[in-house]
Structures are given as structure tokens and as C-alpha cells.
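Chain identifiers are assigned alphabetically (A, B, ...) following the order of the sequence lines, protein sequences preceding nucleic acid strands; residue numbering begins at 1 within each chain. Values below: every heavy atom of this structure, side chains too, minus hydrogens, waters and symmetry copies. Since the model is a prediction, treat every value here as computed from it, not as a measurement.
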Number of protein chains: 2
Amino acid sequence: MLIARSTDYAVRALKYLAEKNQETSAAELTRELKIPWPFMRKIMQSLGKHGLVASRKGPGGGFLLAKAPEKIKLTGLVNIFQGPVCLNECIFKKKICPNRKTCYLSKKLGEIEEHAFLVLDRITLKEIIEGGHNHG
Amino acid sequence: MLIARSTDYAVRALKYLAEKNQETSAAELTRELKIPWPFMRKIMQSLGKHGLVASRKGPGGGFLLAKAPEKIKLTGLVNIFQGPVCLNECIFKKKICPNRKTCYLSKKLGEIEEHAFLVLDRITLKEIIEGGHNHG
DNA sequence: ACAAAATGATACTATCATGGTATCATATGT
DNA sequence: ACATATGATACCATGATAGTATCATTTTGT
Ligand code: FES
Ligand code: FES
């Protein structure tokens, strides 16, 4: 799977924040998006650590988008929650394969991976919001 | 990961069979390809069930390629060992997402998946063998 | 006939990534 | 002070993949 659940949840949360454009608590996000509360909190904390949202503690506190939606790329989110986009780790017995440089199959998988990366890298939160879609 | 270990092992085994072009036992495959014996057997049995190799029991028995290398497609192997190529299963809480039809993100992931499929579908065992590669 | 060598079938276990939970500490507004 | 929020972190659950074990069946050679 290219997009893990955590990444997907993050997209939904960010979309909600962007559309509401007001400080929003994790509780509200949980309620509106039907995402389990502790999991949601973990996700928001990750987003905070990586500077995608700003947070404020205390009553009335919550999260605010910290970057413009057009600056938030899907590849960035994938990186945070799943690590680098990777479809091509020829692992033989848990050791990275020594033949990668010359391997035909690896080359082809590399092509796929690159294409996937390019597509994902061009998708921003803004596009997702405006894309005439239903995500979330 | 696009190609699972089992699929990769299958490719190596088939390549070996194709190059040797003689009846070959699982024991030899295990020995030569450094793949765990019971796992190798399981893989060969799957390949047999799906008609990619023919088998013969008894002393001196073993496996033979049952299709021409150019007829063995990577997508076929992926199907056997991993199921359909799929990078795009928006699963929300274990239920297939109802928004798929209109979802922007799903559309983009679908594009990636389709590209991946097309590339894999054009790779045959023959190409892998002749590809100036080292797979295995 | 018999033993050995091979595959067929199938059930089981192990490992690991992901998804999800729980707890306590810390900050903030009233 | 106290309630309400997030920060940090450790823990648990689940499922997919990788790998193992066992027994039945077929074939060959003596
Ligand atoms: S919201 Fe489910 S496919 Fe996009
Ligand atoms: S054999 Fe490892 S990259 Fe192909």
C-alpha cells in the first residue's frame, strides 16, 4: 500500500484544519473525522514536530495549520508517517542486495518507484482540497 | 514493497530452471539459490499448481519449466504470491471507502497503480534472463 | 518386495510493521 | 486551584509475510 492509514488520517486532519482555518482541538478532529482519539493525538503530535501544524496547550487550545496548503506535499506526509517512498528494496535474507547496480528487475522497479514519487510529490494539500473530491 | 520475497524467490527459481533446462529437484534449487528448503518447496508447489512448472516425483524427479520464458509474466507471479497488484485500497476502518469514485487522491493513486501494473506486465522471465542483469 | 528419493498437501510457528492504547508530565486560561 | 488542552513516551494488538514441520503419495532402483 502506497498510503498508510496514519498518512491518510493526517491528510484528513490537515484538510479539516485548512478548511476551518481556526484553532481546532484534537477532540474536535476525532469527533468530526471519526478517527480514534489517541491515534489522532499521536498523528497531530507528529505533524507538530515536523512543523506542519502549530499547537497551543490549555483550554481553548488546539492546532492550526502552520504552512500554506500549497506548501504541504504528499511526499512530505508519507515521509513522516512511512519513511521514504520505496517500492524497490531487494532484500535477500535481510541484507541489501549486492546486485542492485546491475539488476534488470531493480531497474524496472526503480522506474515505477520514481514515477510514483513524482506523482505524489506534485500533490499538495491544496490540490486535495480543491480537487473536486471527497477525501475525508 | 512491490515484489515480495516469495515472488522474488520464484523468479530466481524459474530463471535457474530456464537456464538449466533440465529436470531439477527442489534440493538443488535450495542449494544453488540459497533459499530455505521448506520455503522453496512451498514456492515450487505453488508454481506447479498454477501450471508454470511441471513436476515429477520419485528419485531423479524434480521440476521443469512448463511455459516458455517469454510467456511468464511478472504480473502473473505477483498474482500468485501476493495477489493483484494494488497500491490503492483506501480502507477506512476496514471498510472499503465509499468515496472512491469521486476521490481525487484515489484517482492519483490509481494512476500510479496502473503505471506500475503496465511496467510489471511487460516484464517476462525471458527479459529478466536476457536483461543483462544479475537477478539471483 | 522394499527402501530411498522425490513431490503433494496442509497445518503450524515466528517475525515484523502497522494500527491503536494508555499514562503521566507540562502548559494555559478562568 | 482546577479543568482543559497538548507533549512525550511506552506499551499492546493485529495481520501479513516469512519460514517450518509433518505426513501422505508417487516413482525409481536393487
Ligand atoms: S477518501 Fe476513500 S478513496 Fe479517498
Ligand atoms: S537481485 Fe537484488 S536487486 Fe535484483
Exercise. Parallel under 30°, tilted from 30 to 60°, perpendicular over 60°: which one fits the rings of A/F39 and A/Y9?
Worked result: perpendicular

For this session: Let me know the distance between CZ of B/R56 and P of C/dG8, rounded to the nearest Å.
Result: 12 Å

Problem set entry | Under-4.0 Å side-chain N/O to phosphate OP1/OP2 contact, B/Y9 with D/dA18 | no

Problem set entry | Nearest-Å distance for atom pair CG/P, residues B/L64 and C/dA6 | 15 Å

Exercise. Roughly, in whole Å, what's the span from CD in B/E23 to C1' in D/dT28?
Worked result: 12 Å

Exercise. Among C/dT7, C/dG20, D/dA18, which is the nearest nucleotide to the side chain of B/F63?
Worked result: C/dT7

Exercise. To the nearest angstrom, how far is B/K49 atom NZ from C/dG8 atom C1'?
Worked result: 8 Å

Exercise. Just checking A/G62: base, sugar-phosphate only, or nothing, at a heavy-atom cut-off of under 4.0 Å?
Worked result: sugar-phosphate

Problem set entry | Qualifying side-chain hydrogen bond (donor to acceptor under 3.5 Å, both in side chains) pairs with a residue from residues 62-78 of chain A, counting only residues at least two apart or across chains | A/K73-A/D121, A/T75-A/D121

For this session: Look at A/S25 and D/dA5 and indicate whether a side-chain polar atom (N or O) is within less than 4.0 Å of OP1 or OP2.
Result: no

Exercise. In whole angstroms, how far is the C1' atom of C/dT23 from the CD atom of A/Q45?
Worked result: 12 Å

Problem set entry | ILVMFWY network linking B/L64 to B/I129, side-chain heavy atoms under 4.5 angstrom | no

Problem set entry | N/O (side chain, B/S55) to phosphate O (OP1/OP2, C/dT7) under 4.0 Å | no

Exercise. Which comes earlier along DNA chain D counting from the 5' end, the contact point of A/G58 or that of B/Q82, where each point is its nearest nucleotide?
Worked result: A/G58

Exercise. Do any side-chain nitrogens or oxygens of A/R41 fall under 4.0 Å of OP1 or OP2 in D/dA5?
Worked result: no

Exercise. Atom CG in A/L52, atom CE in A/M44: separation rounded to 0.5 Å?
Worked result: 9.5 Å

Exercise. Rounded to whole angstroms, how far apart are CZ on B/R5 and C1' on C/dT15?
Worked result: 11 Å

For this session: Enter the distance from B/E127:CD to B/L74:CG here, rounded to the nearest 0.5 Å.
Result: 10.0 Å

Exercise. Roughly how many Å is it from NZ in A/K57 to C1' in C/dC24, rounded to a whole number?
Worked result: 12 Å

Problem set entry | B/R12 versus B/Y16, side-chain donor and acceptor atoms under 3.5 Å | no

Exercise. Rounded to the nearest 0.5 Å, how far apart are CG of A/L47 and CZ of A/F81?
Worked result: 4.0 Å

Exercise. Through what angle, rounded to 10 degrees, does the axis of the helix from C/dA1-D/dT30 to C/dT30-D/dA1 turn between its ends, using five pairs per end?
Worked result: 10°

For this session: For the pair A/E28 and A/K20, find out whether any cationic side-chain nitrogen is under 4.0 Å from an anionic carboxylate oxygen.
Result: yes

Exercise. Checking all strands, does B/A26 fall into the base, sugar-phosphate, or nothing category for heavy-atom contacts under 4.0 angstrom?
Worked result: sugar-phosphate

Exercise. If each of A/I3 and A/P59 is mapped to the nucleotide of DNA chain C with the nearest heavy atom, which maps nearer the 5' terminus, i.e. the 5' end?
Worked result: A/I3

Exercise. Can you find a donor-acceptor pair, distance only, under 3.5 Å between A/K42 side chain and C/dG20 base?
Worked result: yes

Exercise. Can you tell me how far C1' of C/dA6 sits from CE of B/M40, to the nearest Å?
Worked result: 15 Å

